[in-house]
Protein chains: 2
Amino acid sequence: MPEELRQDEYELLARIAHRYYVDDSTQEAIAREFGLSRPKVQRLLDRARRAGVVDIHIQAPPWLNLDLEDELRRTFRLVDVIVSPPRPDPRSQREAVARSAARYLERRLADASVVAVSHGRDAGEIPRFFRPERRLDCAFVSAMGGSPRVDAPTNPNEICRALAERSGGRAVMLYAPAYVEHAEIRDELLRQEAVADTLRLAAQADVALLGIGGTDDDCTMVRSGCLSTDEMARLRNQGAVGDVLGNYVDVRGRPVAAPHQDRLIALTVEDLRRIGTAVAVVSEAEKPRAVLGVLRSGVIDVLVVDEPNARAVLALAREDGSGDDGGPVRMDPAGEVIDRSVLS
Amino acid sequence: MPEELRQDEYELLARIAHRYYVDDSTQEAIAREFGLSRPKVQRLLDRARRAGVVDIHIQAPPWLNLDLEDELRRTFRLVDVIVSPPRPDPRSQREAVARSAARYLERRLADASVVAVSHGRDAGEIPRFFRPERRLDCAFVSAMGGSPRVDAPTNPNEICRALAERSGGRAVMLYAPAYVEHAEIRDELLRQEAVADTLRLAAQADVALLGIGGTDDDCTMVRSGCLSTDEMARLRNQGAVGDVLGNYVDVRGRPVAAPHQDRLIALTVEDLRRIGTAVAVVSEAEKPRAVLGVLRSGVIDVLVVDEPNARAVLALAREDGSGDDGGPVRMDPAGEVIDRSVLS
DNA sequence: CCCACTGTTGAGCAATTGATCGCCGCTCCC
DNA sequence: GGGAGCGGCGATCAATTGCTCAACAGTGGG
């Protein structure tokens with residue numbers, strides 16, 4: 001309780017709060033009854049809430065982590081966070097997260113939505129659980145090229161196809177590899193109309209469905225052959241902790257220049273920032289630092305994550321300075337540059 | 001809980017309620033976020049409250065009886081009820097009630113208020129505790145004549161004087177006895193300008209401060225000599241249980257014709273009904289039936305009462321039929337005749 | 001197969017609420 | 001004593017909320 005109350009104050013607050021919250025009187029009526037002005041009643045009600053005289057408790061299902069979600073949302077200035085309950089093994093954990101993400105998409109998508117889709121094992125699980133109540137006239141667009149060296153259902157094109165199939169929407173494929181040998185080849189590819197059209201559409205998406213990659217030698221970027229283990233080690237030395245669509249960041253959220261950047265065929269960070277709702281889906285247990293870095297980079301709007309990771313990320317964030325204050329300047333959700341020094 | 005919820009419904013309600021009550025999102029924002037229309041969010045929030053997902057608890061001081069007040073207010077359709085905590089002995093009980101009533105008056109009275117004041121031991125205690133924060137330019141007007149046979153501080157004139165003294169207001173006395181020998185004398189008195197003026201002003205009061213009398217042989221009406229013990233016994237036989245300003249009612253709230261009615265110098269029930277806020281102050285332990293009858297008669301708007309009486313009145317009311325359904329027709333607080341059959 | 005009926009939906013509007021602002025009275029320091 | 005600063009006050013207005021209503025979908029009965 002932020003302030004102490006005298007006995008008669010306490011009594012008045014309780015009386016007014018009771019009238020308002022239990023009896024559903026209007027502030028106006030209470031004001032008349034108690035001989036106060038309406039704004040004064042408002043202030044008293046405010047005070048009653050702040051002083052804990054009014055105690056609003058949400059009887060939440062025990063498997064929900066609303067407070068954890070709240071803390072993440074506030075710490076990283078996210079629009080939405082969904083924390084799914086813990087599971088004993090990684091496989092069912094991934095499924096639980098994917099189910100939550102699917103539910104979120106079902107709620108979030110409307111006709112004419114355009115969804116940019118990245119690769120990743122977590123994202124790859126989502127279609128299995130995606131079951132909109134009605135047909136959705138959406139477009140699912142690959143935001144990245146494919147790789148034959150990882151499981152097919154992990155490739156953006158496949159994820160798009162599956163999501164489109166289940167919702168009655170349309171899949172827009174990116175017929176290009178995730179990476180090529182030389183920058184020249186990439187530039188050539190980007191000039192191809194089929195490739196350019198798809199990436200242009202992806203860049204205009206309302207929603208982006210993203211995985212967060214780690215920096216271990218088993219991560220998707222390495223397994224897909226995009227980066228060698230040597231290159232990955234070098235990235236780690238440079239401080240990289242994780243990536244979104246191949247864009248690596250350090251633990252403070254600052255971009256880390258990567259050797260493969262100009263060989264990659266995917267949306268850029270700038271493209272992502274312009275997308276209204278960037279949804280990151282994460283379930284793997286070794287990733288809290290990756291998640292922390294990416295969240296701090298400010299590209300993510302919505303996070304779907306398992307409970308252990310959620311707790312780990314917050315613990316890390318508390319350890320080394322609050323939430324997202326990585327750089328001196330970042331983008332706010334609306335996309336303007338804001339000076340951190342003026343923020344709360 | 002009036003209805004059962006499926007698991008996912010429960011989850012949605014909890015999520016939305018949390019967003020609304022804990023995060024202070026607007027319904028609009030929640031609707032956008034969850035892909036619902038705003039009215040739908042409103043209905044879901046409603047449901048969350050009704051289903052007990054949202055639990056608003058007022059941390060009331062333990063000495064307040066807000067729920068008891070509520071029940072009285074609802075049962076007897078009162079505008080306001082103040083229940084003061086129980087005391088071991090009648091004397092301090094009366095003081096506690098008087099203190100509550102004084103607090104109420106302090107809140108309720110404004111400059112230019114006109115207060116009609118009745119007699120009674122309970123009302124007589126009020127001035128001692130009446131201490132408005134600032135000078136009040138009110139008029140306190142006797143609503144009844146006086147009697148030398150009861151303690152001076154129990155007479156309306158004295159109560160008025162004391163209240164006026166303590167608030168800086170003005171006392172308007174009724175220079176007449178509470179009762180006379182014959183109706184003719186009363187009528188003659190009522191024609192006297194001094195008497196008529198005072199009663200006319202009292203009839204125009206905003207607030208009436210009333211005691212509730214019982215029907216035992218020790219009640220104020222008998223002690224003041226207005227009624228003989230024989231007459232009182234006859235009244236009891238007729239079913240009378242209590243009075244306000246000498247107007248007796250039975251336990252169902254119906255008026256009981258009394259022998260002294262036309263010898264009495266006081267406001268009539270009709271006058272009382274026209275007064276916006278009729279406040280009854282009761283503390284004596286033997287009076288629950290009197291209070292019940294008077295409340296059911298519908299003249300009272302505000303009740304100030306001790307906790308034991310409050311409980312006793314409610315218990316009695318529950319025993320012999322609900323609250324105030326005494327007669328087929330009664331006045332509502334606004335003063336119009338309303339058909340009880342159309343009420344809730 | 002059609003139609004009445006019931007329950008649900010969101011548009012639109014009126015009431016309620018939250019927030020800003022200038023004002024007033026108080027205190028405290030000069 | 002006088003003035004600056006502060007906190008609380010209520011008028012006022014914009015935002016939010018509650019509510020009504022017409023339209024609609026689903027359902028069961030004719």
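Lettering of chains follows the sequences in order, A, B, ..., and the numbering in each one begins at 1. Below, all heavy atoms of this structure are taken into account, side chains as well, without hydrogens, waters or symmetry copies.
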Practice task
Indicate yes or no: does A:R19 engage A:E33 in a salt bridge with an N to O separation below 4.0 Å.
Solution key: yes
Problem - Pairing of B:E71 and B:R74 as salt bridge, 4.0 angstrom limit - result: no
Problem - Covered region of DNA chain D, 5' end to 3' end, by chain B [heavy atoms, under 4.0 Å] - result: D:dT16 to D:dC19
Practice task
Treat primed atoms plus P, OP1 and OP2 as sugar-phosphate and everything else as base, then score nucleotides 11-18 of chain C 5' to 3': B for base contact with protein heavy atoms under 4.0 Å, S for sugar-phosphate contact only, - for none.
Solution key: BB---SBB
Problem - Phosphate OP1/OP2 of C:dG10: any B:K40 side-chain N/O under 4.0 Å - result: no
Practice task
Could you verify whether a donor N or O on one side chain and an acceptor N or O on the other, from A:T277 and A:R108, lie under 3.5 Å apart?
Solution key: yes
Exercise for the section: Not counting sequence neighbours, which residues clear side chain to side chain donor-acceptor pair (under 3.5 Å) with B:R128? List them please. Expected result: B:E95, B:E125
Problem - Contacts of type side chain to side chain contact (heavy atoms under 4.5 Å, CB included), residue A:A116, not counting sequence neighbours - result: A:A143, A:A202, A:A205, A:A208, A:L267, A:I275
Handout entry: Non-neighbouring partners of A:N65 that pass side chain to side chain contact (heavy atoms under 4.5 Å, CB included), sequence neighbours left out
Key = A:L68, A:V83, A:E307, A:R311
Exercise for the section: Check whether any side-chain heavy atom of B:V53 lies under 4.5 Å from a side-chain heavy atom of B:R49, and answer yes or no. Expected result: no
Problem - Test salt bridge (Lys or Arg N to Asp or Glu O under 4.0 Å) applied to B:R161 - qualifying residues, sequence neighbours left out - result: B:E158, B:E165
